[in-house]
2 protein chains.
Amino acid sequence: MKLTDSTTESSILEAAKHVFVFKGFEGARMQEIADEAGINKALLHYYFRSKDKLFEAVFIDAFVKFVPTILITLNSNSPLFRKIEVFVDHYIELLSKNPFIPGFILHELSRNSERLSKIMRTVGLNPDPFSEQVLAEISAGSINPIDPRELIVNLLALCIFPFVGKPILKIVLFKNNEEEYAEFLNKRKQAAAQFIINSIKKA
Amino acid sequence: MKLTDSTTESSILEAAKHVFVFKGFEGARMQEIADEAGINKALLHYYFRSKDKLFEAVFIDAFVKFVPTILITLNSNSPLFRKIEVFVDHYIELLSKNPFIPGFILHELSRNSERLSKIMRTVGLNPDPFSEQVLAEISAGSINPIDPRELIVNLLALCIFPFVGKPILKIVLFKNNEEEYAEFLNKRKQAAAQFIINSIKKA
DNA sequence: TTTTGATTTAACTGTGTAGTTAAACCAGAC
DNA sequence: GTCTGGTTTAACTACACAGTTAAATCAAAA
């Protein structure tokens, strides 16, 4: 017998991801997902029984791809400044290739934050190792004192905000010029890291 | 004759704002808005002919309340560091009172960025005065060199991200403790400003 | 008292959408 | 050749929702 063709399932997931990410759960249409996957609605329900189930699969996929990688980098064992540079560079690079994922995740989380608790149980996310490294550097007197959580939020904010705020930033700061904005994002890999390091390094 | 009761119109707008902000355009229901405004669906359409028109009114209202105030503060004539402190303090305060507005605006803008161009024509937003102030300080040698646009993005990112990212930050960094997160936001008024100033001030 | 406009009621239209169903088709496995 | 499971087709149900309509009510203004 023909085994379940995994390309069908993955092409559904890919199509669903595309539609859900751009239109959100409420705005997405099962028909549109089927069309984009090159199949029909019946087969869509044959693979994923409901819109909710399909969305769940897409969301978890996007979430797992983006959120845990954050802390994996931060919990490696590199010197702090180097770690910040690598993190900002890698994360902005990842976001540049998937610019609509953060907005999608943030919006769907605020639409249903219950979902989050469920996912968090499966995905371990522990900021403590990084926090301890920061505290150690402070004790050693090599950086200015700062709440490690402030530093984490700042790291994330400086990387993610240029993407979720792109529509308005592009207009207000770059006269809607796409190339200039892309260039800005590219320079930002250096600039954001430098901005953070400047702020915490001892005078 | 009884004049159009402006309380009805404003209670509709208030209800609509509440529903649209929490559920988004697609997720919002006209019936729910009518219920929340204490009226019926027929009267809702009597005042605002369509869902689109009602949404437009709500969105412009939210947008005008939040976006231009940003640059008004930044274009005042205070010394740079003082300006940064005041901006961060005022903006985080404003956001604390309306924590769901930024997510709403960002999401709806990415859902329909055409809307933005239309609004932008009515709302003047010019970052140049602030940029010139920054460039002047750099020339005078009183701060480290930085692209003024980077600085603007950083200012906004550090203020806004804690609100749009609240669901996940609260869980990962604060074990879902609401009070601790509120306290964090409050401390952040000082911390974020200090973080920025530390970064740009000459050693 | 008459007029006018705000407001309600309740039923209705039309449409879009998720999900179902049944029959048929097709290709590889046995 | 038959069986099996992925796949299509096309029609269908059931429902939710935006928007409409018409008639009635009510309160204030004239």
Side-chain angles (χ1 to χ4, degrees), chain A residues 1-62 104 107-108 111-112 114-115 118, chain B residues 1-62 104 107-108 111-112 114-115 118:
Chain A
M1 62 189 124
K2 201 201 301 184
L3 288 177
T4 300
D5 192 346
S6 83
T7 66
T8 301
E9 184 166 341
S10 62
S11 72
I12 291 176
L13 280 170
E14 206 173 327
K17 181 175 167 180
H18 191 240
V19 175
F20 277 132
V21 163
F22 275 83
K23 313 232 166 152
F25 178 81
E26 320 264 13
R29 300 288 161 247
M30 293 297 268
Q31 185 61 59
E32 191 180 350
I33 294 173
D35 291 348
E36 203 154 310
I39 57 159
N40 53 317
K41 217 173 36 150
L43 194 60
L44 197 57
H45 282 89
Y46 178 83
Y47 275 89
F48 297 87
R49 260 202 299 249
S50 70
K51 191 181 181 183
D52 283 277
K53 289 233 173 45
L54 180 53
F55 179 84
E56 196 78 1
V58 167
F59 182 81
I60 291 181
D61 201 60
F104 168 68
H107 177 249
E108 296 299 336
R111 206 178 60 81
N112 176 4
E114 232 174 290
R115 197 192 314 279
K118 212 168 67 183
Chain B
M1 64 190 120
K2 199 204 299 185
L3 288 177
T4 299
D5 192 345
S6 83
T7 66
T8 300
E9 185 167 339
S10 61
S11 72
I12 290 177
L13 280 171
E14 207 173 326
K17 181 175 167 181
H18 191 240
V19 175
F20 277 132
V21 163
F22 275 84
K23 313 233 168 154
F25 179 80
E26 320 264 13
R29 301 289 162 244
M30 293 298 268
Q31 185 61 59
E32 191 180 352
I33 294 172
D35 291 348
E36 202 153 310
I39 57 160
N40 53 317
K41 217 173 36 151
L43 193 61
L44 197 58
H45 283 90
Y46 178 82
Y47 274 89
F48 298 87
R49 259 202 299 248
S50 70
K51 190 182 182 182
D52 283 276
K53 289 233 171 45
L54 180 54
F55 179 83
E56 195 79 0
V58 166
F59 182 80
I60 291 181
D61 202 59
F104 169 68
H107 177 249
E108 295 298 335
R111 206 178 58 83
N112 176 4
E114 235 174 287
R115 197 194 314 279
K118 212 168 68 184

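Reminder, nothing fancy here: chain letters follow the sequence lines and each chain counts from 1.
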Chemist: Just the rounded figure in Å: distance from P of D:dA18 to NZ of B:K53.
Modeler: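 For the pair B:K53 NZ and D:dA18 P, the rounded distance is 16 Å.
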Chemist: Could you report the tightest heavy-atom contact between A:A34 and A:N40, atom names first, then the distance?
Modeler: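 Heavy-atom minimum between the residues: CB-C, 3.8 Å.
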Chemist: Round to the nearest Å and state the distance from B:L43 atom CG to C:dG5 atom P.
Modeler: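 So the CG-P distance, B:L43 to C:dG5, works out to 15 Å.
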Chemist: Dot-bracket for DNA chain C: what is it, with Watson-Crick or G-U pairs under 3.5 Å, [ ] where a pair crosses earlier ones, and | for a pair to another strand?
Modeler: ||||||||||||||||||||||||||||||
Chemist: Rounded to the nearest angstrom, tell me the gap between atom CZ in A:F48 and atom C1' in C:dA18.
Modeler: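 Interatomic distance, CZ of A:F48 to C1' of C:dA18: 16 Å.
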Chemist: So, B:E9 side chain and B:Y47 main chain: donor-acceptor pair closer than 3.5 Å or not?
Modeler: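 No; judged by distance alone, with no hydrogens or angles, the pair does not exist.
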Chemist: Are B:E26 and A:K23 within salt-bridge range, i.e. N to O under 4.0 Å?
Modeler: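 Salt bridge: no.
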Chemist: Quick check: on DNA chain C, is the nucleotide nearest A:Q31 upstream (toward 5') of the one nearest A:A42, or the reverse? Name the residue that is more 5'.
Modeler: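 Between the two, 5'-proximity favours A:Q31.
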Chemist: Determine the contact category for B:A28: base if any of its heavy atoms lies under 4.0 Å from a base atom, sugar-phosphate if only primed atoms, P, OP1 or OP2 are that close, otherwise nothing.
Modeler: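 It contacts sugar-phosphate atoms only.
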Chemist: Between C:dA18, D:dT8, C:dT7, which nucleotide has the shortest distance from any of its atoms to the side chain of A:H45?
Modeler: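 Minimum distance to the A:H45 side chain belongs to C:dA18.
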Chemist: Spell out yes or no: do the side chain of A:K51 and the base of C:dG19 have one donor N/O and one acceptor N/O closer than 3.5 Å?
Modeler: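 No, the side chain and the base share no sub-3.5 Å donor-acceptor pair.
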Chemist: Between B:K53 and B:E56, does any side-chain N to carboxylate O distance fall below 4.0 Å?
Modeler: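 No, B:K53 and B:E56 are not salt-bridged.
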Chemist: Rounding to a whole Å, what distance do you find between A:L44:CG and C:dT17:P?
Modeler: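 These atoms are roughly 14 Å apart.
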Chemist: Round to a whole Å and report the spacing from CD1 of B:I33 to C1' of D:dG19.
Modeler: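 Checked: the CD1 to C1' distance equals 14 Å.
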Chemist: Of the listed nucleotides (C:dG19, D:dT7, D:dA10), which one gets closest to any side-chain atom of A:M30?
Modeler: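 Looking only at side-chain atoms, A:M30 lies closest to C:dG19.
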Chemist: For the residue pair B:F55 and B:F20, categorise the inter-ring angle as parallel (less than 30°), tilted (30 to 60°) or perpendicular (more than 60°).
Modeler: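 The arrangement is perpendicular - the two ring planes meet at more than 60°.
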Chemist: For A:S50 and C:dA18, is the shortest distance between a side-chain N/O and OP1 or OP2 below 4.0 Å?
Modeler: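 The answer is no; no side-chain N or O of A:S50 sits under 4.0 Å from OP1 or OP2.
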Chemist: Take atom OH of A:Y47 and atom P of C:dG19, then tell me their distance rounded to the nearest Å.
Modeler: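 It is 18 Å, rounded to the nearest whole Å.
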Chemist: In terms of heavy-atom contacts, does CD of A:E36 have more than 12 from other residues, nucleotides or ligands at under 6.0 Å?
Modeler: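 Yes, because the 6.0 Å sphere around CD of A:E36 holds more than 12 heavy atoms from other groups.
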Chemist: Whole angstroms only, please: what is the CG-C1' distance between A:L54 and C:dT17?
Modeler: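 After rounding, the reported distance stands at 15 Å.
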Chemist: As a test of reading the structure: which of C:dA18, C:dT8, D:dT8 is closest to the side chain of A:I39, going by heavy atoms?
Modeler: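 It is D:dT8.
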Chemist: For the pair made of NZ in A:K41 and C1' in C:dT20, what is the distance, rounded to whole Å?
Modeler: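 Result: 9 Å.
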Chemist: Would you tell me if any nitrogen or oxygen in the side chain of A:N40 comes within less than 4.0 Å of OP1 or OP2 on D:dT8?
Modeler: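 Result: yes.
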Chemist: So with a 6.0 Å cut-off around CD of B:Q31, is the heavy-atom count from everything else above 12?
Modeler: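 Atom CD in B:Q31 is packed in, count exceeds 12.
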Chemist: Quick check for you: among C:dA18, D:dG19, C:dT7, whose closest atom lies nearest to any side-chain atom of A:R29?
Modeler: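 The answer is C:dA18.
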